[in-house]
Amino acid sequence: MMVALDGTIVAIANPAIQKDLGATFADVQWITNGYFLALAVALITAGKLGDRFGHRQTFLIGVVGFAAASGAIGLSDSIAFVVTFRVLQGLFGALLMPAALGLLRATFPAEKLNMAIGIWGMVIGASTAGGPILGGLLVQHVSWQSVFFINVPVGIIALVLGIVILKDHRAENAPKSFDVVGIVLLSAAMFCLVWALIKAPEWGWGAGLTWTFIGASVASFALFAVWESKVEEPLIPLALFRSVPLSAGVVLMVLMAIAFMGGLFFVTFYLQNVHGMSPVDSGLHLLPLTGMMIIGSPLAGAMITKMGPRIPLAGGMLCTAVAMYGMSTLEAGTGSGLMSIWFALLGLGLAPVMVGATEVIVGNAPMELSGVAGGLQQAAMQIGGSLGTAVLGAVMASKVDSDLPENWADAKLPPLSEAQLDKAAEAVQVGVAPVPPKAPPSVADQITTVAHDTFMSGMGMACLVATGVAVVAVFVAFLTKRGDNAEAGAGVGHI
């Protein structure tokens with residue numbers, strides 16, 4: 001809950017942090033980017049640490065470190081300290097997530113694993129979608145520091161319960177050594193990839209710097225694959241990917257995250273900047289999405305246990321595709337009722353995918369690699385989220401750049417220079433109307449109408465691309481099957 005919540009809750013606090021600490025826009029971007037970058041780079045290595053030293057120890061260290069880093073952010077009086085501790089938060093979060101899945105896998109027998117992952121998925125989904133609501137309430141009524149301080153008591157409770165309840169399960173043939181070269185190569189590959197995705201909107205998709213980082217990432221992944229095939233005890237045995245269901249589960253998680261994170265990114269701008277809602281109100285309008293994920297995840301777990309993952313996963317991605325298509329038809333004046341239908345359908349579609357793809361990845365991996373499999377699942381979700389925001393953001397920017405000059409001219413508004421048009425397009429991409437300070441009310445209304453209509457055409461195009469991604473995921477879902485190694489879970493000895 002802490003890790004997922006901190007992925008979205010901080011976005012609401014960023015304006016207050018910027019004002020209080022006198023930070024630049026680039027500084028504030030680093031508050032989010034530093035966290036996601038550290039999380040994405042470290043997840044698989046952190047999973048390996050759990051496999052090597054035990055998931056209970058790794059989990060408890062992650063809890064303590066995450067809560068301590070959160071408290072330190074709340075006490076920080078400069079943006080440099082906030083960003084530094086956010087990176088530490090991401091690293092400790094990376095210890096937590098795969099360890100949690102490793103513990104579930106080791107503790108629950110096959111017939112109960114899906115329900116356990118269902119409850120886990122429910123918490124992840126509710127925390128991700130509920131972050132803006134809680135963040136809005138805390139920033140509005142307490143302070144931006146409270147967004148971070150809230151993790152301290154949660155961390156203390158998790159530590160005490162973890163010490164009392166969690167048992168240390170270890171596989172008999174757990175790894176005995178570390179693949180340091182593999183860790184360095186994989187970390188470099190993940191860093192270059194995620195960094196390129198984060199910076200592409202700023203640098204441009206055709207820029208040499210963007211493709212330099214993408215090229216470096218591809219080269220590092222290739223070197224990693226070669227090294228892993230030769231080393232005696234690899235970080236990720238490549239034989240893992242000979243399992244078609246496991247590979248399909250990883251691809252499915254990436255595709256689901258592209259549609260979910262990319263779509264959600266624009267919806268917050270739509271609610272706040274086009275409809276003029278407060279952060280709290282916009283969060284409340286997303287309650288149908290959160291609610292359906294909370295209800296749907298345990299139900300999906302039960303359904304997957306009964307009939308296997310293929311039909312629930314394909315059905316979930318089909319619901320997601322229909323929801324994203326519905327969201328592409330939204331207009332500036334669309335009422336809350338219609339919005340709620342599409343948000344609820346999206347939550348209903350995402351729930352079985354979050355649960356089922358996780359079970360497919362973790363359940364098809366050998367017990368001694370459950371931490372690495374958990375890291376893979378989380379890394380796939382982080383990469384998918386970054387890809388979704390970057391690619392759908394590029395689609396939005398392209399559509400706005402294409403439509404704005406024509407819409408502006410059609411409305412017979414005063415002509416803009418190229419520099420003014422670029423600045424106006426930047427504002428329109430997040431749903432803000434670029435109204436000059438002393439514009440007459442009639443002109444301000446016209447500019448607002450043009451800006452919102454142009455934003456909606458961009459959001460519609462981005463949602464259509466997300467629909468296409470979800471449709472591809474429907475077919476990938478048919479390559480999945482129940483975990484071959486799930487039965488190993490409950491039979492592992494306690495240490």
Side-chain angles (χ1 to χ4, degrees), residues 1-7 10 30-70 72-73 83-103 124 128 151 155 175 177-198 213 216-217 220-221 223-224 227-228 234-236 240 250 253-254 257 261 358 361-362 365 369-387:
M1 184 182 75
M2 288 195 299
V3 178
L5 198 65
D6 269 59
V10 177
W30 264 107
I31 295 172
T32 299
N33 292 346
Y35 178 76
F36 278 126
L37 202 58
L39 197 59
V41 167
L43 275 165
I44 294 171
T45 302
K48 190 74 169 185
L49 279 169
D51 290 336
R52 172 75 177 82
F53 295 111
H55 296 301
R56 179 179 183 267
Q57 286 85 334
T58 312
F59 180 82
L60 294 177
I61 290 167
V63 165
V64 172
F66 195 93
S70 299
I73 294 168
V83 172
T84 301
F85 288 121
R86 275 291 275 173
V87 170
L88 276 175
Q89 226 187 5
L91 292 173
F92 283 112
L95 286 176
L96 269 174
M97 297 299 264
L101 281 172
L103 284 165
I124 297 285
T128 302
N151 286 328
S177 62
F178 274 111
D179 174 14
V180 177
V181 175
I183 289 170
V184 170
L185 287 171
L186 182 64
S187 298
M190 292 288 284
F191 177 86
C192 290
L193 176 61
V194 177
W195 184 247
L197 294 174
I198 286 171
F213 274 95
S217 174
S220 298
F221 274 123
L223 286 170
F224 174 73
W227 175 259
E228 294 299 276
L235 175 63
I236 306 176
L240 207 60
V250 172
M253 193 56 81
V254 171
M261 300 294 193
T358 302
I361 296 167
V362 178
L369 292 173
S370 59
V372 166
L376 265 176
Q377 184 269 352
Q378 285 295 308
M381 196 165 173
Q382 295 301 327
I383 289 172
S386 299
L387 258 175

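Excluded from the calculations below are hydrogen atoms, water molecules and symmetry mates; all remaining heavy atoms, backbone and side chain alike, are included.
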> Out of curiosity, Leu60 CG to Leu96 CG, how far, rounded to the nearest 0.5 Å?
Replying inline: 9.0 Å

> What's the shortest heavy-atom distance between Pro98 and Gly375, and which atoms?
Replying inline: CB-N, 3.6 Å

> In Å and rounded to the nearest 0.5 Å, what is the CG to CG distance from Leu39 to Leu95?
Replying inline: 10.0 Å

>> On a heavy-atom basis, which atom in Ala46 and which in Ala94 lie closest, and how many Å separate them?
In response: CB-O, 3.1 Å

>> Once rounded to the nearest 0.5 Å, what's the spacing between atom CD of Glu228 and atom CG of Leu186?
In response: 8.0 Å

>> Give me the atom names and distance for the closest heavy-atom approach of Ile73 to Phe85.
In response: CG1-CB, 3.3 Å

> Among all residues two or more places apart in sequence or in another chain, which pass the side-chain contact (heavy atoms from CB on, under 4.5 Å) test with Ile183?
Replying inline: Thr45, Phe178, Ser187, Leu235

>> What's the separation between atom CZ in Arg56 and atom CD1 in Ile61, rounded to the nearest 0.5 Å?
In response: 11.0 Å

> Would you say the side-chain atoms of Ser217 pair up with the backbone N or O of Phe213, donor to acceptor, closer than 3.5 Å?
Replying inline: no

> With Trp227, which residues qualify under side-chain hydrogen bond (donor to acceptor under 3.5 Å, both in side chains), at least two apart?
Replying inline: Asp179

> What's the verdict on side-chain contact (heavy atoms from CB on, under 4.5 Å) for Met190 and Leu43, showing C-alpha distance, side-chain angles and the deciding distance?
Replying inline: CA-CA 10 Å; Met190 292 288 284; Leu43 275 165; over 6 Å; no

> For Met381 and Met253, which heavy atoms make the closest approach, and how far apart are they?
Replying inline: N-CG, 4.0 Å

> Where do Val181 and Phe224 land on the side-chain contact (heavy atoms from CB on, under 4.5 Å) test, with the steps shown first?
Replying inline: CA-CA 8 Å; Val181 175; Phe224 174 73; over 6 Å; no

> Atom CZ of Phe66 and atom CZ of Phe59: how far apart are they, to the nearest 0.5 Å?
Replying inline: 11.5 Å

